[in-house]
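Reviewing the structure listed below.
Heavy atoms only: backbone and side chains are in, while hydrogens, waters and symmetry mates are out. Convention: sequence-line order gives letters A, B, ...; per-chain numbering from 1.
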There are 2 protein chains.
Amino acid sequence: MAYSLDKIDLQLLEILQKDSNQTTKRIAEQLGMTTSPVFERIKKLEKEGYIKKYVAVLDNKKIGLKLTVFIGIALQGHTRSYLEKFVKEINNFPEIVECHRVSGNFDYLLKLVVEDIEAYETFIISKLTLLPYLGNVQSLITLSTGKETNEIDLSRI
Amino acid sequence: MAYSLDKIDLQLLEILQKDSNQTTKRIAEQLGMTTSPVFERIKKLEKEGYIKKYVAVLDNKKIGLKLTVFIGIALQGHTRSYLEKFVKEINNFPEIVECHRVSGNFDYLLKLVVEDIEAYETFIISKLTLLPYLGNVQSLITLSTGKETNEIDLSRI
DNA sequence: AATGAAAATTTAGAACT
DNA sequence: AGTTCTAAATTTTCATT
């Protein structure tokens with residue numbers, strides 16, 4: 001690792017994970033410091049790659065994307081070249097927000113965000129089932145979501 | 001809905017989803033507009049709740065959290081009060097980043113981010129299995145991740 | 001590494017088309 | 001809704017400790 005994080009860095013990451021739109025001054029106040037060192041630490045965390053990017057978090061439901069579905073997929077063939085092709089195809093579907101290769105009862109776990117059940121069905125019929133070598137496919141349709149965040153608890157590090 | 005999004009609003013959301021740390025001026029340039037109306041539109045999108053917040057996206061692996069696990073859980077009891085209690089307990093575990101109530105072969109799907117397999121095992125033994133009424137529990141351990149984003153493709157709206 | 005201050009840039013809003 | 005202009009605030013750099 002290029003350099004290790006001290007306590008202040010971790011606090012900074014916690015703050016920025018929760019809300020990245022605060023002024024450096026306000027962040028510095030929370031840490032009991034002045035702006036300059038805070039500013040420099042943030043730049044360092046960005047440069048070293050601890051912070052990958054800053055993004056706006058949207059309200060999917062409000063935008064009209066009301067349905068989240070998880071899809072477990074087992075494949076019938078496991079050649080390396082086929083797996084790579086599968087991932088590539090999957091990544092190009094705009095409905096897919098996550099694609100994980102997993103161990104367990106499935107080979108892949110997908111997370112899908114779509115308008116509604118109809119859009120989900122359309123995805124299954126006109127996109128997913130066209131892929132070759134599909135084995136067992138199991139969907140978990142989200143009814144409600146208790147927690148959904150990127151925020152990592154850093155107090156345990 | 002309080003007001004509907006026009007094409008420019010959707011473009012704005014696309015831009016801010018990818019990178020929220022740009023100056024209004026630079027965003028305005030991408031849209032071929034001046035800063036003021038862009039600034040006002042952003043404030044409106046925030047106020048109306050289309051933009052929930054702005055956050056820093058961290059590199060979990062670099063921070064030492066190398067393992068993502070999905071856990072499907074079926075419960076043996078389904079009384080309303082128990083479900084509520086279960087969700088509440090789950091949400092308090094810092095390892096859990098997502099908790100969805102689902103239909104299908106499980107009642108809940110959890111997403112867990114931890115240091116390594118040991119931390120995962122500790123979670124299962126000393127936290128999860130202490131909850132009452134657990135039925136079938138199935139873990140999918142992530143081997144690699146092809147795609148993982150919050151970013152919603154808005155071109156289809 | 002942190003402080004304090006100066007310079008450069010951006011934000012936020014008023015006046016106007 | 002959009003443009004231009006401007007004061008206030010913030011970001012960013014840097015000499016100093």
Side-chain angles (χ1 to χ4, degrees), chain A residues 1-59 62-65 150-152 154-157, chain B residues 1-59 62-64 150-157:
Chain A
M1 220 178 281
Y3 90 115
S4 61
L5 302 173
D6 66 12
K7 204 178 157 186
I8 296 171
D9 290 322
L10 289 172
Q11 285 182 76
L12 244 177
L13 291 176
E14 289 261 26
I15 291 169
L16 292 172
Q17 262 190 315
K18 287 205 172 67
D19 179 7
S20 63
N21 248 26
Q22 305 174 74
T23 64
T24 313
K25 192 180 167 190
R26 218 175 102 201
I27 295 169
E29 278 163 10
Q30 292 171 63
L31 295 170
M33 295 166 77
T34 52
T35 60
S36 303
V38 172
F39 176 78
E40 273 159 25
R41 276 172 182 269
I42 292 171
K43 289 300 153 200
K44 203 167 178 178
L45 291 167
E46 290 167 1
K47 199 179 160 191
E48 301 273 347
Y50 292 96
I51 296 169
K52 289 201 282 190
K53 56 182 175 175
Y54 298 93
V55 302
V57 178
L58 307 188
D59 186 329
K62 210 156 181 178
I63 289 164
L65 300 167
N150 275 315
E151 206 181 313
I152 298 296
L154 299 177
S155 62
R156 50 182 153 137
I157 298 192
Chain B
M1 217 178 286
Y3 90 114
S4 61
L5 302 173
D6 66 13
K7 205 178 158 186
I8 296 171
D9 289 322
L10 290 171
Q11 284 182 77
L12 244 176
L13 291 175
E14 288 262 27
I15 290 169
L16 293 171
Q17 261 190 316
K18 287 206 173 67
D19 178 8
S20 64
N21 247 26
Q22 304 175 71
T23 63
T24 311
K25 191 182 166 189
R26 220 176 100 201
I27 295 169
E29 279 163 11
Q30 293 171 64
L31 296 170
M33 296 165 78
T34 52
T35 60
S36 300
V38 171
F39 177 78
E40 273 159 27
R41 277 171 182 270
I42 292 171
K43 289 301 152 199
K44 202 167 178 179
L45 290 167
E46 290 167 2
K47 199 179 162 193
E48 301 273 348
Y50 291 97
I51 297 170
K52 289 202 282 192
K53 57 182 174 174
Y54 298 92
V55 302
V57 178
L58 308 187
D59 187 329
K62 208 155 184 179
I63 289 164
N150 274 316
E151 206 182 313
I152 298 295
D153 176 87
L154 299 177
S155 62
R156 51 184 153 136
I157 297 191

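With sequence neighbours left out, V57(B) forms a side-chain contact (heavy atoms from CB on, under 4.5 Å) with K52(A), K53(A), V55(A). Residues that satisfy the side-chain contact (heavy atoms from CB on, under 4.5 Å) test with S36(A), not counting sequence neighbours, are absent from this structure. By the side-chain contact (heavy atoms from CB on, under 4.5 Å) test, Y54(A) pairs with L16(A), S20(A), I42(A), E46(A), I51(A), S20(B), N21(B), A56(B), sequence neighbours left out. Every residue meeting the side-chain contact (heavy atoms from CB on, under 4.5 Å) condition with T34(B), not counting sequence neighbours, appears here in chain and number order: P37(B).
The distance between atom CG of N21(B) and atom P of dT11(C), rounded to the nearest whole Å, is 10 Å. As a whole-Å value, the separation of D6(A) CG from dA1(C) C1' is 10 Å. The nearest whole Å value for the distance from the NZ atom in K44(B) to the P atom in dG13(C) is 16 Å. The CG-P distance, from L5(B) to dA1(D), rounds to 12 Å in whole Å. Protein atom CD1 of I8(B) is 10 Å distant from nucleotide atom C1' of dG2(D), rounded to whole Å. Atom CD in E40(B) sits about 13 Å away from atom C1' in dT4(D), given to the nearest Å.
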Worksheet item: Can you check side chain to side chain contact (heavy atoms under 4.5 Å, CB included) on R41(B) and D6(B), steps first, answer last?
Response: CA-CA 11 Å; R41(B) 277 171 182 270; D6(B) 66 13; 3.0 Å; yes
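Taking 4.0 angstrom as the limit, R41(B) places a side-chain polar atom (N or O) nearer than this to OP1 or OP2 of dG2(D). Put simply, R26(B) has no side-chain N or O that comes within less than 4.0 Å of OP1 or OP2 on dT10(C).
Among the heavy atoms of the strands, none lies under 4.0 Å from I42(B).
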Can you list, pair by pair, the side-chain donor-acceptor contacts under 3.5 Å of residues 150-157 of chain B, counting residues two or more places apart and other chains?
unit_1, atom_1, unit_2, atom_2, d
E151(B), OE2, K18(B), NZ, 3.4
D153(B), OD1, S155(B), OG, 3.2
D153(B), OD2, S155(B), N, 3.4
D153(B), OD2, S155(B), OG, 2.7
R156(B), NE, D153(B), O, 3.2
R156(B), NH1, V113(A), O, 3.3
R156(B), NH2, P94(A), O, 3.4
R156(B), NH2, V113(A), O, 3.3

Tabulated below should be each protein N or O lying under 3.5 Å from an N or O of nucleotides 10-12 of chain D; please produce it.
unit_1, atom_1, unit_2, atom_2, d
dT11(D), OP2, T24(A), N, 3.0

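Here the side chain of T34(A) is nearest to one of dG4(C), dT3(D), dG2(D), namely dG4(C).
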